[in-house]
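For reference, the structure is listed below as C-alpha cells.
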Amino acid sequence: NHSREFDEHYEVSAKASVSRAKKALVDLECPKVIPVHSAVLALLAHQRDTGVVIDIGLGATRVLPVVRGQLQERAVTTQLFGSANGTNYLLSVLANVSEGGRPPGDLSGFQIMMVAKVVKEDEGYVASSSTAFENAEERKSVWLSSIFNQSVQVGRPLAVLGEMFFNPTLTGPHHSYFGPNS
C-alpha cells in the first residue's frame, strides 16, 4: 500500500515537472530540447567527443567512458569511494597534529571540516609516479601552519589525497563516507 501511494505521488510529481518544463520551453521560445549526459558535455567543453570522464563525488567516484559523443553506459563503473574519504583521512591526520586530538582555539567541528576541505583541495596532489608517491617529502602546509600557529609539516598524506582514487586501500575503509563496513 505504501509503495503504491509513493508510485502514485511520484507519477503525479513527474507529470507536473514535465508540464512545467514544457511551459518553460514555450515561454523561452525554445524549439527543441535534446538530453545530453553531463560526461558528454564535459568532454565537449574541452573540444573532444571521445574520452573518459572521472566524476569524483562526495561518497562515490564514477568512471564514464564516452565514444563519439555517446556515453558507453555498459562500461560505466562506480567505486564507493569519494572526496569525503579524503576529508575523513585528512581529519585523522589533523587529529595527530593537534594537541590531544582537539582543534586549536575556538574552531568548531564544522570549521575543522572546512580546514580539511581547503587543505585537501589546495595542497593535495597526485604524485608523478609510484616511486614519487612512496618517497613524498615532507612539506610545510600553509593552511595548517597558519591555523595551528606553528610549522606543520605534511608529506605523504597530501600525496595520498590524490593517489587514493587510484588505490583506495591507501586510506582504508575506516575513512569511507558510507562507514567502515563499505
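Just so it is clear, the model here is predicted, and its values are computed rather than measured.
Val142 and Ile112 are members of different hydrophobic clusters when ILVMFWY side chains are connected at heavy-atom separations under 4.5 Å. By the rule that hydrophobic residues join a cluster once side-chain heavy atoms approach within less than 4.5 Å of another member, Val76 and Val36 end up as members of one cluster. Under a hydrophobic-cluster definition in which Ile, Leu, Val, Met, Phe, Trp and Tyr are linked whenever side-chain heavy atoms come within less than 4.5 Å, directly or via other members, Ile34 and Leu44 are assigned to the same cluster. Both Met113 and Val115 belong to a single network of hydrophobic side chains, linked directly or stepwise wherever heavy atoms of I, L, V, M, F, W or Y lie under 4.5 Å apart.
Side chain of Ser146 to backbone of Trp143: a donor-acceptor contact under 3.5 angstrom is found. The backbone N or O of Gln70 lies less than 3.5 Å from a partner atom in the side chain of Gln72, making a donor-acceptor pair.
Summarising the geometry, atom OG belonging to Ser38 is positioned 10.0 Å from atom CG belonging to Leu43; distances are rounded to the nearest 0.5 Å. With values rounded to the nearest 0.5 angstrom, Arg20 atom CZ is found 13.0 Å from Leu25 atom CG. Here the CD-NZ distance, from Gln111 to Lys117, works out to 14.5 Å after rounding to the nearest 0.5 Å.
Across Ala39 and Val53, no two heavy atoms sit closer than the pair O-CG2, 3.5 Å. In terms of heavy-atom proximity, Leu71 sits nearest to Pro65 at CD1-O, 3.4 Å. The two residues Arg68 and Thr50 have their closest heavy-atom pair at N-OG1, 2.9 Å.
With a 4.5 Å cut-off on side-chain heavy atoms, Ser19 and Lys22 do not count as touching. Between Leu64 and His37, the closest side-chain pair of non-hydrogen atoms falls below 4.5 Å.
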